[in-house]
Amino acid sequence: MSLPDVDGLLDQAARDTGLADFGELPYREALEALHYGYTRDSGLPPPVQSGLLGGLAGLLAKRLKLVEDRRRYPKIAEERVEAPIVVVGLPRTGSTHLHALLATRPGARAPLQWEMNEPSPPPMAATFESDPRIAMVQQQLDARPNAGELMKAHPFGATRAEQCIGLIDWSFINSAAAATCRMPSYLDWFLNADHRIAYEHHYHMLQHLQYGVPGEWVLKWPKHLFSLPALLWKYPDARIVWTHRDPGQVLASVTSFVGAIRRGLDPGFDPVRFGAEWAALEEIGLLRAMAAREALGDGHRFHDVHYNDLLADPVGTACGIYDHFDVAIDDTVRRKIAAHQHHNPQNKHGRHRYVPEKYGLNMHALRERFAAYIERFAVTPDRYPSASPRA
């Protein structure tokens, strides 16, 4: 099977959209690194590689449309993104649910899955809840392999508040791409990349989404841990919520979740090797973030949330974040948060079950390995061991 090179992907995106301007933000080096990872490093069957390259062509088309929208609607570039609340922390620490709770506050604005997948033309307030792109994206989500199983671990939906992957994917500086397959060359490139470029893309996308539907941004992504200095370089007034959980449980859960994605694409998937490599990747991100926070000083910009506290009192935890950052809330806000909690209980879509030994993981050994993190943030074992985690 003949696979397109990078120029072939650019040509394909241009043909698909009828556009030619890919914009001024740098992207070529990152695209080439990701293309190499998929085609030369992954060991995936050619049909799977072809599908992944099709995804890259789709992101290039997204890029072309965003640049064209910015030309057609020049006031997009005048939008100011100020003081976002950004939820970070290891995956599987309750951050997805916490993000959704925070987004219920009137005036809060969280990026939704449909508008990040299909951002062009810019969403508008008058049709924000009836846009035909919503149904299209929901159909795509429902058609994914293992969709039902993935929902147990991380609820997806076209109108759900979603993490920042869709704000940053068109930069091609994206560690989440490694969830699809093993490609050490790309991860090596990613760990040494200038992440400020990715956050320029991130900012451009928030301007784009905010243009027609304004609000105060509430964001979330575990992978911000890899690049906190770059995040704060672009958003110096960002307010950071850092979620914490027993790293043994975190690694057991996240390897099960990402492993389900890997298994669906790679016929040679080795769960034990994957478990070792993914644990190392999460460790690198965590150590980077801890070093960055040490250099920055804790200050008022950080607020720590523990998984056990979130499970015990989700409404109080969400309200406590707003109190910490001096965001005024009233009983109406508290009722909205409580209503969302009531309608979205843990395990709503089924229990996410995982067996750490399947991925070569030992819970006790992981806790020893992450001892510095556990001590620094006073992380305790899960108080509710029978409860499946939220993402």
Side-chain angles (χ1 to χ4, degrees), residues 80-105 107-111 161-165 167-168 173 175-176 195-196 198-203 205-206 210 215-245 247 250 282-310 314 316-329 337 370 372-374 376-379 390-391:
R80 293 176 58 86
V81 179
E82 298 179 329
I85 291 177
V86 186
V87 182
V88 306
L90 287 169
R92 322 305 301 158
T93 54
S95 57
T96 294
H97 190 55
L98 179 61
H99 183 213
L101 292 175
L102 293 173
T104 62
R105 181 178 65 85
R109 175 83 162 91
E162 194 48 79
Q163 53 193 4
C164 294
I165 297 174
L167 306 178
I168 219 165
I173 305 174
S175 66
H195 290 258
R196 292 176 299 178
Y199 286 103
E200 288 285 11
H201 286 75
H202 189 279
Y203 191 90
M205 180 65 89
L206 287 184
Q210 181 176 297
E216 300 170 18
W217 287 105
V218 179
L219 308 169
K220 172 257 175 179
W221 198 24
K223 301 313 178 195
H224 288 311
L225 290 181
F226 284 91
S227 47
L228 273 184
L231 170 70
L232 293 169
W233 166 79
K234 192 60 190 176
Y235 302 100
D237 54 0
R239 296 167 287 182
I240 308 296
V241 178
W242 192 326
T243 54
H244 303 284
R245 188 186 181 192
V250 164
E282 298 292 359
E283 184 178 24
I284 290 170
L286 183 61
L287 291 175
R288 280 190 170 193
M290 289 175 65
R293 182 162 173 177
E294 185 70 23
L296 290 165
D298 280 355
H300 191 66
R301 79 164 79 209
F302 287 99
H303 182 68
D304 296 296
V305 169
H306 287 262
Y307 180 77
N308 284 325
D309 296 337
L310 177 61
T317 299
C319 293
I321 291 169
Y322 279 126
D323 289 342
H324 176 83
F325 292 124
D326 301 318
V327 177
I329 58 173
I337 296 174
F370 286 81
Y373 163 72
I374 291 172
R376 167 67 180 82
F377 294 105
V379 179
R390 298 296 293 258

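- To the nearest 0.5 Å, the span separating NE2 on His303 from CZ on Phe325 amounts to 7.0 Å.
- In this structure, Glu283 does not pair ionically with Arg288, as no charged nitrogen and carboxylate oxygen lie closer than 4.0 Å.
- Of the possible donor and acceptor atoms, none in the side chain of Arg245 sits under 3.5 Å from a partner among the backbone N and O of Gly94.
- Put simply, the side chain of Leu219 reaches to within 4.5 Å of the side chain of Leu206, judged on heavy atoms.
- Between Ala110 and His99, the shortest heavy-atom contact is CB-NE2, 3.8 Å.
- Looking at heavy atoms from C-beta onward, Val86 lies out of side-chain contact with Trp221 at the 4.5 angstrom threshold.
- At a threshold of 4.5 Å between non-hydrogen side-chain atoms, the residues Ile240 and Leu231 count as touching.
- Applying the salt bridge (Lys or Arg N to Asp or Glu O under 4.0 Å) test to every pair with at least one member in residues 227-244, sequence neighbours left out, gives these pairs: Glu200-Lys234.
- Tyr203 places no side-chain N or O within donor-acceptor distance of the main-chain N or O of Tyr235, the cut-off being under 3.5 Å.
- At least one side-chain heavy atom of Val327 sits less than 4.5 Å from a side-chain heavy atom of Arg105.
- Applying the side-chain contact (heavy atoms from CB on, under 4.5 Å) rule to Ala372 yields no partners; only residues at least two apart in sequence or on another chain are considered.
- Gln163 places no side-chain N or O within donor-acceptor distance of the main-chain N or O of Thr96, the cut-off being under 3.5 Å.
- Considering all non-hydrogen atoms of both residues, Ser175 and Lys223 come closest at OG-CG, 3.3 Å.
- If you run ring pair (Phe, Tyr, Trp, His ring centres under 6.0 Å) between His244 and each of Phe377, Phe370, Tyr307, only Phe377 comes through.
- Note that CG of Leu90 is 5.0 Å distant from CG of Leu286, once rounded to the nearest 0.5 Å.
- Rounded to the nearest 0.5 Å, atoms SG (Cys164) and NE2 (His201) are 15.0 Å apart.
- Using modelled atom types, no side-chain atom of Thr243 and backbone atom of His306 make a donor-acceptor pair closer than 3.5 Å.
- Taking 4.5 Å as the limit, every side-chain heavy atom of Ile321 sits out of range of all side-chain heavy atoms of Val87.
- Taken from CZ in Arg293 to CG in Leu232, the straight-line distance is 11.0 Å, to the nearest 0.5 Å.
- Counting only distance, with no hydrogens or angles, the side chain of His324 and the backbone of Asp304 share no donor-acceptor pair below 3.5 Å.
- Side-chain contact of His224 with Tyr199: a donor-acceptor pair under 3.5 Å is present, judged by distance alone.
- For Arg92 against Val250, the heavy-atom pair with the smallest separation is CG-O, 3.8 Å.
- Nearest heavy-atom pair across Ser95 and Lys220 is OG-CE, 2.9 Å.
- Rounding to the nearest 0.5 Å places OH of Tyr322 at 4.5 Å from CG of Leu102.
- Leu167 CG to His202 NE2: the interatomic distance, rounded to the nearest 0.5 Å, is 4.5 Å.
- With a 4.5 Å cut-off on side-chain heavy atoms, Ile168 and Ile173 do not count as touching.
- Around atom CD of Glu294, no more than 12 heavy atoms belonging to other residues, nucleotides or ligands sit under 6.0 Å away.
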